[in-house]
J.: 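Before we start, here is the structure in question, set down as structure tokens.
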Amino acid sequence: MMTMPTTFTLLHLFSECLDNMAKKFLLVYVSNKFKGNDGKQKATLANVANAMLSLYEASHLSFHGEDILDEALSFSKSWLESLVKSQTISPHLRQHIMNALEQTYHRGIPRIEARNYISFYQHQDCHNEKLLKFAKLDFNRVQLLHQQELKFLSRYIYILCLKESNLASNYFYARDRIVELYSWAVSMLYGPHYAQARRTFTQMMMMCVIVDDTYDAYGTYEELQQFSKAIERWNIDALDLLPDYLKIFYQALLDLFDEFDEEMTKEGRSFSVSYAKDLIIEVSNSYFVEAGWFDKGYVPPLEEYMSNAIISVNGQALAGSCFVGMGEVAGVEAFEWLKTKPKLLTSVSILGRLIDDIMSCKGEQARGHVASAVECCMKQYGVSEKEVIGDLKKRVANEWKTVNEECLRPFPVSMHLLQRVVNIARIVDTMYKKISAKRNAVAVESSLSMLAADSVSEYH
């Protein structure tokens with residue numbers, strides 16, 4: 001008799017040869033294998049549930065045109081949702097399934113997914129006690145290192161504010177996101193050997209947040225015009241262009257990158273800092289474009305908006321800031337690759353921008369913000385917000401398929417670097433895809449706790 005894994009292997013291998021009727025027949029066949037003669041679930045429900053959960057997770061690795069996997073996703077999701085509602089399985093398996101329906105493994109933050117799996121694995125009858133113990137020890141020891149790094153960075157911010165006595169008071173409008181930014185660093189590269197990369201990434205992104213908030217929430221159009229010119233010049237002489245409140249920040253920005261340059265020069269990698277500067281300049285210019293749209297009340301067509309948004313969403317700058325501290329694995333060719341705006345990075349940037357716009361469009365419009373992708377579509381095509389959001393969610397799903405495809409293509413850079421780019425999309429998908437700002441805040445807080453605060457209990 002054909003087993004379930006064999007059935008779905010055949011479905012995948014022959015997907016290009018099967019017509020829609022055959023696909024539907026095979027899906028019904030598999031569905032019926034989970035039922036007894038009376039139409040009810042068989043006694044081996046836990047085994048079937050684990051197999052269906054595996055299918056559900058695997059279907060998120062699909063490419064464009066793989067209709068069978070799309071149908072398998074719809075089928076397995078519906079089946080698992082019904083199973084959760086029936087409450088006919090153990091509480092631990094039920095929680096595992098609920099977590100997967102909320103956040104799939106492939107699109108989740110690797111560090112958080114590892115922690116979750118430890119909790120689920122320990123309740124499996126067949127678990128290996130020694131392996132489980134080592135997994136817990138490893139997670140908790142590495143988390144202690146992360147906590148020490150976060151203390152260092154928090155102290156760095158405190159000392160910086162003391163050194164520049166007006167820094168905190170002048171930039172009251174900027175979000176305090178040091179812990180959140182460090183969680184991004186851990187989410188992108190959590191290994192102990194990447195301590196330098198996490199530090200440089202967090203410090204660079206802290207500066208980018210202030211730049212972003214200056215454009216979004218405080219500066220006048222004329223001030224932002226001068227600010228953009230100063231950042232593009234990246235020279236102490238440009239201080240004279242700026243209003244007094246921006247001079248302090250601009251000086252701090254130059255000083256920080258001088259420190260990075262000195263540090264990387266000792267490693268023979270000063271080129272990485274130069275590339276990072278160029279990426280931040282490009283992001284600043286994209287912010288200024290959006291500031292101009294807002295100042296004029298202009299709502300651009302979607303494609304014009306997206307051509308700028310894939311830069312302003314910060315994907316390139318995030319990846320580049322990450323590469324700076326990664327050592328020899330991120331050579332000149334890695335930064336040159338980023339400059340070409342490869343398809344992988346573009347897809348990650350698009351889905352990141354769309355997820356954020358879908359979630360935040362109402363709140364940002366209420367605060368006074370440039371039109372999002374939602375407003376651009378509504379105006380361009382004359383359709384409702386509900387229709388637009390539905391279409392944009394489909395585009396997000398399609399961009400994930402592109403990400404999957406691109407990760408299997410030959411690249412001039414290491415897979416270690418490609419993973420950092422994919423992890424950007426995973427961070428957005430995990431922390432920022434909820435339907436309301438309040439729920440997103442809860443998701444961010446939960447992620448921060450799991451990454452940096454809550455250790456895994458070594459007893460069960």
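Note that these values count all heavy atoms, side chains included, but never hydrogens, waters or copies made by symmetry.
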J.: Centroid-to-centroid, Y117 to F120, below 6.0 Å?
T.: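 When the ring centroids of Y117 and F120 are compared, they turn out to be at least 6.0 Å apart.
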J.: Please find the pair of heavy atoms, one from M205 and one from S321, that lie closest to each other, and give the distance.
T.: CE-OG, 3.2 Å
J.: Quick check for you: to the nearest 0.5 Å, what is the distance between E328 atom CD and S414 atom OG?
T.: 12.5 Å
J.: State whether the number of non-hydrogen atoms from other residues, nucleotides or ligands found under 6.0 Å of F260 atom CZ is greater than 12.
T.: yes
J.: Determine whether F323 and L338 make a side-chain contact, defined as any pair of heavy atoms from C-beta on separated by less than 4.5 Å.
T.: yes
J.: Among K401, K394, K77, which residue satisfies the salt bridge (Lys or Arg N to Asp or Glu O under 4.0 Å) criterion with D70?
T.: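 The residue from K401, K394, K77 that satisfies salt bridge (Lys or Arg N to Asp or Glu O under 4.0 Å) with D70 turns out to be K401.
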J.: Mind listing the closest non-hydrogen atom pair of N128 and Y121 along with its distance?
T.: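 For N128 versus Y121, the nearest heavy atoms are N-OH, 2.7 Å.
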J.: How many angstroms lie between CG in D261 and CG in L254, if you round to the nearest 0.5 Å?
T.: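 It comes to 12.0 Å.
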J.: Hey, are the side chains of I109 and M431 touching, using non-hydrogen atoms and a 4.5 Å cut-off?
T.: yes
J.: Would you find more than 12 non-hydrogen atoms of other residues, nucleotides or ligands less than 6.0 Å from F63 atom CZ?
T.: yes
J.: Given 3.5 Å as the limit, does a donor-acceptor pair link the side chain of N314 with the main chain of V209, or not?
T.: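 Here the side-chain-to-backbone pair does not exist.
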J.: So, the side chain of R198 versus the backbone of M188: is there a donor-acceptor pair under 3.5 Å, distance only?
T.: no
J.: Which residue in the set Q124, E129, K130 passes side chain to side chain donor-acceptor pair (under 3.5 Å) when paired with H127?
T.: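 Result: among Q124, E129, K130, E129 is the only option passing the side chain to side chain donor-acceptor pair (under 3.5 Å) with H127.
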J.: Do S228 side-chain atoms and L224 backbone N/O form a donor-acceptor pair below 3.5 Å?
T.: yes
J.: Using a 3.5 Å distance criterion without hydrogens, assess whether the side chain of D357 forms a donor-acceptor pair with backbone atoms of V374.
T.: no
J.: With side-chain contact (heavy atoms from CB on, under 4.5 Å) as the criterion, how do C208 and V283 come out once you've worked through the C-alpha distance, each side chain's angles and the decisive distance to 0.1 Å?
T.: CA-CA 9 Å; C208 284; V283 169; 5.8 Å; no
J.: Test of understanding: with salt bridge (charged side-chain N to carboxylate O under 4.0 Å, His left out), list the residues that count as partners of D278, not counting sequence neighbours.
T.: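 None.
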J.: Under a 4.5 Å cut-off applied to non-hydrogen side-chain atoms, are Y287 and T214 in contact?
T.: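 No, too far: nothing below the 4.5 Å cut-off.
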J.: How close do I280 and W234 get, counting heavy atoms only, and between which atoms?
T.: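 Looking at all heavy atoms of both residues, the closest pair is CG2-CZ3, 4.3 Å.
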J.: Within this structure, what is the CG-CD1 distance for the pair L239 and I248, rounded to the nearest 0.5 Å?
T.: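 The CD1 atom of I248 is 10.5 Å from CG of L239, to the nearest 0.5 Å.
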J.: Would you check, one step at a time, whether the test side-chain hydrogen bond (donor to acceptor under 3.5 Å, both in side chains) holds for Q203 with E259?
T.: CA-CA 11 Å; Q203 290 173 312; E259 291 174 17; 5.5 Å; no
J.: Please say whether more than 12 non-hydrogen atoms of neighbouring residues, nucleotides or ligands are located less than 6.0 Å from CZ in F257.
T.: yes
J.: Drop me the distance from M204's CE to L256's CG, to the nearest 0.5 angstrom.
T.: 7.0 Å
J.: Hey, could you give me the OG/NE2 distance between S183 and H146, rounded to the nearest 0.5 Å?
T.: 11.5 Å
J.: So does M326 get a backbone contact from the side chain of R269, meaning a donor-acceptor N/O pair under 3.5 Å?
T.: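 Side chain of R269 to backbone of M326: no pair is present.
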J.: In the structure I gave you, are the side-chain heavy atoms of L242 and E223 within less than 4.5 Å of one another anywhere?
T.: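 The answer is no, as the side chains (C-beta and beyond) never meet within the 4.5 Å cut-off.
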J.: Are F227 and Y215 near enough that their ring centres are under 6.0 Å apart?
T.: yes
J.: Go through the steps for R94 and M98 under the test side-chain contact (heavy atoms from CB on, under 4.5 Å), then give the verdict.
T.: CA-CA 6 Å; R94 184 171 182 269; M98 289 174 63; 3.6 Å; yes
J.: H106 and R426: which non-hydrogen atoms are nearest, and at how many Å?
T.: O-NE, 2.8 Å
J.: Determine whether F294 and D216 make a side-chain contact, defined as any pair of heavy atoms from C-beta on separated by less than 4.5 Å.
T.: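 They are not in side-chain contact.
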J.: Say whether, by atom type as modelled, one donor and one acceptor occur between the side chain of R111 and the main chain of F139 under 3.5 angstrom.
T.: yes
J.: Which heavy atom of Y305 sits nearest a heavy atom of A371, and at what distance?
T.: CE1-O, 3.2 Å
J.: Nearest 0.5 angstrom please: T200 OG1 to Y194 OH, how far?
T.: 12.0 Å
J.: Would you check if the side chain of R199 reaches a backbone N or O of L153 as a donor-acceptor pair within less than 3.5 Å?
T.: no
J.: Look only at the side chain of R107 and the backbone of T430, and say whether a donor-acceptor pair between them is shorter than 3.5 Å.
T.: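 Such a contact is absent between R107 side chain and T430 backbone.
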J.: Y250 side chain to N235 main-chain N or O, any donor-acceptor pair under 3.5 Å?
T.: yes
J.: Between E406 and R409, is the closest basic N to carboxylate O distance under 4.0 Å?
T.: yes
J.: Pair Q419, N423 - check side-chain hydrogen bond (donor to acceptor under 3.5 Å, both in side chains), show working.
T.: CA-CA 6 Å; Q419 283 294 100; N423 284 347; 4.8 Å; no
J.: Counting C-beta onward and ignoring hydrogens, is there a side-chain heavy-atom pair between L93 and I97 closer than 4.5 Å?
T.: yes
J.: List, one per line, each side-chain donor-acceptor pair under 3.5 Å for residues 343-350, sequence neighbours excluded.
T.:
from	atom 1	to	atom 2	distance (Å)
T346	OG1	K341	O	3.4
T346	OG1	P342	O	3.2
S347	OG	K343	O	3.4
S347	OG	E399	OE1	2.8
S349	OG	L345	O	2.9

J.: Test side-chain contact (heavy atoms from CB on, under 4.5 Å) on Y218 and D213; report intermediate values, then the result.
T.: CA-CA 7 Å; Y218 196 74; D213 289 344; over 6 Å; no
J.: Does some side-chain heavy atom of L73 sit less than 4.5 Å from a side-chain heavy atom of S62?
T.: no
J.: Could you please spell out the steps behind the side-chain hydrogen bond (donor to acceptor under 3.5 Å, both in side chains) verdict for N99 and Q103?
T.: CA-CA 6 Å; N99 275 36; Q103 182 62 58; over 6 Å; no
J.: Is the number of heavy atoms from other residues, nucleotides or ligands within 6.0 Å of CD (E333) greater than 12?
T.: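 Yes, enclosed.
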J.: If you apply the rule side-chain contact (heavy atoms from CB on, under 4.5 Å), what do you find for R353 with I310, and how did you get there?
T.: CA-CA 7 Å; R353 179 76 279 162; I310 60 174; 6.0 Å; no
J.: Work out which heavy atom in A319 is nearest to a heavy atom in I424; give both atom names and the distance.
T.: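 Of all heavy-atom pairs spanning A319 and I424, the closest is N-CD1, 4.0 Å.
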J.: Hey, does the side chain of S154 reach the backbone of L150 with a donor-acceptor pair shorter than 3.5 angstrom?
T.: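 Yes, the answer is positive, given that a donor and an acceptor are paired below the 3.5 Å cut-off.
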J.: Ring-plane angle category for F335 and F271, please: parallel below 30°, perpendicular beyond 60°, tilted otherwise.
T.: perpendicular
J.: Between K247 and D244, does any side-chain N to carboxylate O distance fall below 4.0 Å?
T.: yes
